[in-house]
**Student:** 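Provided herewith is a single structure, encoded as structure tokens, for subsequent inquiry.
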Amino acid sequence: MAAPEVHHLFHNPIADHSFSADRKTLAIARDTTVELYGRVGNAFKLKDELKGHDKTVTSVDIAPNSGRIVSCSQDRNALVWEPTPQGYKPTLVLLRINRAATFVRWSPSETKFAVGSGDRLIAVCYFEQENDWWVSKHLKKPIRSTVTTVGWHPNSVLLAAGSTDAHARVFSSFIKGVDARPEPTAWGERLPFNTVCGEYMNNSAGWIHSVAFSPSGDALAYAAHDSSITVVYPSAPEQPPKAVISINTQLLPFMSLIWNGESEIIAAGHDCEAFRFRGGINGWQLTGALEAKGRPGLGDQREESALNMFRQMDLKGKVKDDTQLKTVHQNTITMIRPYETSGASVRKFSSSGVDGRVVIWTL
């Protein structure tokens, strides 16, 4: 595997990041602003700051085709930033929520975006031409807690969501006049708004941190706080699924996951590195970490002289400095996203973390 491309931007946590389609612009959710970095040679340099929120920005997403940026914040607002020759022009979105907005993603069609919130609902937002503003419809039932994550189906109608009530759910977000009627899928055929097409509970009642449909949309994966990944294969509308496969691990919880084709999932989180899972409807398994690391004490440590050993013991109370992790990220990875794809396969993906780093990995 090629060496990862590491960009240490600052010493603050990164809540979310998103690359533009040409991969020349990087949007970062940092404190109360969205920072835009432009590629200069092999590095990313700060080129603009989008200031419109007055509380922590929790999520950001760049639409690949239009270049619009959507951001959401703990101030209960979402903003759509329209690119213009003079810079980015913000438009406030009517979310109609009274708790923090937690997560936002554009639909593949880019006609809508979904905002999760602490208000036990998801705001599905679309542009109303007549009034020239962004409005929202609410997905509410049967959500009983904060929505932590959302993920779109390739048809831009079905929406997966995870929440702190330990459930991953699949909803219909069909909006008349905005969406074309979708083709029937294993998740459902007739799909009026707020139809619940699937509801799955984590075995240990752990919070759901990440959800994602496979490239075909025929499977759903979600990561929970009990360090498990679960993959659901639906059978037919209103029928039990063909398979629900949970992969339990001895690792720390995963915060984010993506699919690489139909038979591989990449997940990362509190272990500060990414892991591969491979399988299918007959079973899944953890196949290992993405980074190849030597065991501590093998090959990477010099022989310590007796004097140096006692000096270390005197200064630090230990012989070896173990404050540096052997991983590229030095703290929790908060988000991973596809960076370069070829059909359904991911060639490169990006990760961001609490350590202020953005890393681009080659698979």
**Student:** Counting neighbours of CZ on Arg30 that are heavy atoms of other residues, nucleotides or ligands and sit closer than 6.0 Å, is the number greater than 12?
**Tutor:** yes
**Student:** To check you understand the geometry: which heavy-atom pair defines the closest contact between Lys348 and Val346, and what is its length?
**Tutor:** O-CG1, 3.1 Å
**Student:** Is the closest side-chain donor-acceptor distance between Arg105 and Ser59 under 3.5 Å?
**Tutor:**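 Yes, Ser59 and Arg105 have a side-chain donor paired with an acceptor closer than 3.5 Å.
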**Student:** Taking the side chain from Thr58 and the backbone from Cys72, do they hold a donor-acceptor pair closer than 3.5 Å?
**Tutor:**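 It does hold such a pair.
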**Student:** In the structure I gave you, are the side-chain heavy atoms of Arg337 and Ser256 within less than 4.5 Å of one another anywhere?
**Tutor:** no
**Student:** Just to verify, which of Trp259, Trp284, Phe254 counts as forming a ring pair (Phe, Tyr, Trp, His ring centres under 6.0 Å) with Phe277?
**Tutor:**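 Exactly one candidate clears the test, Phe254.
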**Student:** Show the numbers, then the answer: is there a side-chain contact (heavy atoms from CB on, under 4.5 Å) between Asn194 and Phe171?
**Tutor:** CA-CA 6 Å; Asn194 211 157; Phe171 297 95; 3.7 Å; yes
**Student:** Is it true that a side-chain atom of Thr334 and a backbone atom of Ser352 form a donor plus acceptor pair closer than 3.5 Å?
**Tutor:** yes
**Student:** Would you say Glu291's side chain and Glu273's backbone share a donor-acceptor pair under 3.5 angstrom?
**Tutor:**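 No; zero donor-acceptor contacts below 3.5 Å.
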**Student:** Does any N or O in the side chain of Ser235 come within less than 3.5 Å of the main-chain N or O of Pro240, such that one atom is a donor and the other an acceptor?
**Tutor:**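 Looks like yes, one N/O pair under 3.5 Å.
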**Student:** In a check of ring pair (Phe, Tyr, Trp, His ring centres under 6.0 Å) between Phe113 and each of Trp152, Trp134, Tyr126, which one passes?
**Tutor:**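 Only match with Phe113 under ring pair (Phe, Tyr, Trp, His ring centres under 6.0 Å): Trp134.
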**Student:** Is the side chain of His8 donor-acceptor paired with the backbone N or O of Phe10 at a distance under 3.5 Å, no angle test?
**Tutor:** yes
**Student:** Is there a donor-acceptor contact under 3.5 Å from the side chain of Arg96 to the main chain of Ser136?
**Tutor:** yes
**Student:** Quick one: are Phe127 and Asp132 in side-chain contact, heavy atoms under 4.5 Å?
**Tutor:** yes
**Student:** Are Ile208 and Val196 connected in a single hydrophobic cluster, I mean Ile/Leu/Val/Met/Phe/Trp/Tyr linked by side-chain heavy atoms less than 4.5 Å apart?
**Tutor:**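 No, because Val196 and Ile208 fall into different hydrophobic clusters, even though each may have its own neighbours under 4.5 Å.
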**Student:** Is it possible for you to say whether Val170 and Phe174 belong to one hydrophobic cluster, with membership spreading through side-chain heavy-atom contacts below 4.5 Å?
**Tutor:**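 Both belong to a single hydrophobic cluster.
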**Student:** Please determine whether residues Ile336 and Leu363 belong to a single hydrophobic cluster, defined as Ile, Leu, Val, Met, Phe, Trp and Tyr linked transitively by side-chain heavy-atom distances below 4.5 Å.
**Tutor:**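 Yes, one cluster joins them.
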**Student:** Return the OG to CG distance between Ser18 and Leu36, rounded to the nearest 0.5 Å.
**Tutor:**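 Result: 10.0 Å between the selected atoms.
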**Student:** Considering only heavy atoms from C-beta outward, does the side chain of Ser228 approach that of Asn203 to under 4.5 Å?
**Tutor:**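 No, their side chains stay 4.5 Å or more apart.
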**Student:** Pair His167, Glu199 - check side-chain contact (heavy atoms from CB on, under 4.5 Å), show working.
**Tutor:** CA-CA 7 Å; His167 282 76; Glu199 187 172 13; 3.6 Å; yes
**Student:** Is the closest side-chain donor-acceptor distance between Ser351 and Trp361 under 3.5 Å?
**Tutor:**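 Short answer, yes.
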**Student:** Indicate the atoms forming the closest heavy-atom contact of Val211 with Gly151, along with that distance.
**Tutor:** CG2-N, 3.6 Å
**Student:** Just wondering, are more than 12 heavy atoms of other shown residues or ligands nearer than 6.0 Å to CG in Asn98?
**Tutor:** yes
**Student:** Only one of Glu262, Glu264, His153 clears side-chain contact (heavy atoms from CB on, under 4.5 Å) with Ser214; which?
**Tutor:**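 Single side-chain contact (heavy atoms from CB on, under 4.5 Å) partner of Ser214 among Glu262, Glu264, His153: Glu262.
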**Student:** Does the cation-pi check pass for Arg23 over Tyr339, that is, NZ or CZ under 6.0 Å from the six-membered ring centre and within 45° of its axis?
**Tutor:**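 Yes - Arg23 lies over the ring of Tyr339, closer than 6.0 Å to its centre and within 45° of its axis.
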**Student:** I'd like to know if Lys242 and Asp218 make a salt bridge, using a cut-off of under 4.0 Å between side-chain N and carboxylate O.
**Tutor:** no
**Student:** Is a donor on one side and an acceptor on the other found under 3.5 Å between the side chain of Asn202 and the backbone of Ala166?
**Tutor:**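 Looks like no, no N/O pair under 3.5 Å.
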**Student:** As a test of understanding, state which of Thr146, Val115, Ile97 forms a side-chain contact (heavy atoms from CB on, under 4.5 Å) with Leu121.
**Tutor:**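 Answer to the side-chain contact (heavy atoms from CB on, under 4.5 Å) test with Leu121 among Thr146, Val115, Ile97: Ile97.
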**Student:** Would a distance-only check, ignoring hydrogens and angles, find a side-chain to backbone donor-acceptor pair under 3.5 Å from Ser210 to Leu257?
**Tutor:**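 Yes, Ser210 side chain to Leu257 backbone: donor-acceptor pair under 3.5 Å.
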**Student:** Would Ile333 and Ile266 show up in the same hydrophobic cluster when neighbours are defined by side-chain heavy atoms closer than 4.5 Å?
**Tutor:**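 Yes.
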**Student:** Nearest 0.5 Å, please: how far is CG in Asp179 from OG in Ser172?
**Tutor:**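 Going from OG on Ser172 over to CG on Asp179, the span is 8.0 Å.
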**Student:** Decide whether Ser145 and Thr164 meet the rule of one side-chain donor and one side-chain acceptor closer than 3.5 Å.
**Tutor:** yes
**Student:** Check whether any side-chain N or O of Gln330 sits under 3.5 Å from a backbone N or O of Thr327 as a donor-acceptor pair, and report yes or no.
**Tutor:** yes
**Student:** Could you tell me which non-hydrogen atom of Gly283 sits nearest to which non-hydrogen atom of Ile245, and how far apart they are?
**Tutor:** N-CD1, 3.9 Å
**Student:** Nearest 0.5 angstrom please: His209 NE2 to Met255 CE, how far?
**Tutor:**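 With rounding to 0.5 Å, NE2 (His209) is 5.0 Å from CE (Met255).
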**Student:** Going by distance alone, is a donor N or O of one side chain under 3.5 Å from an acceptor N or O of the other, for His53 and Thr32?
**Tutor:**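 No donor-acceptor contact under 3.5 Å links the two side chains.
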**Student:** Would you call Lys137 and Lys112 a side-chain contact if the rule is heavy atoms closer than 4.5 Å?
**Tutor:** no
**Student:** To the nearest 0.5 Å, how far apart are CD1 in Ile143 and OG in Ser163?
**Tutor:**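 With rounding to 0.5 Å, CD1 (Ile143) is 6.5 Å from OG (Ser163).
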**Student:** Could you list the residues that satisfy side-chain hydrogen bond (donor to acceptor under 3.5 Å, both in side chains) with Arg144, not counting sequence neighbours?
**Tutor:** none
**Student:** Atom CZ of Arg347 and atom OG1 of Thr362: how far apart are they, to the nearest 0.5 Å?
**Tutor:**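 If I round to the nearest 0.5 Å, the distance is 11.0 Å.
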**Student:** What distance separates Leu94 CG from Asn77 CG, expressed to the nearest 0.5 Å?
**Tutor:**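 Rounded to the nearest 0.5 Å, the CG-CG separation comes out at 9.5 Å.
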**Student:** Kindly work out whether a path of hydrophobic side-chain contacts (I/L/V/M/F/W/Y, heavy atoms less than 4.5 Å apart) joins Leu26 to Leu46.
**Tutor:** yes
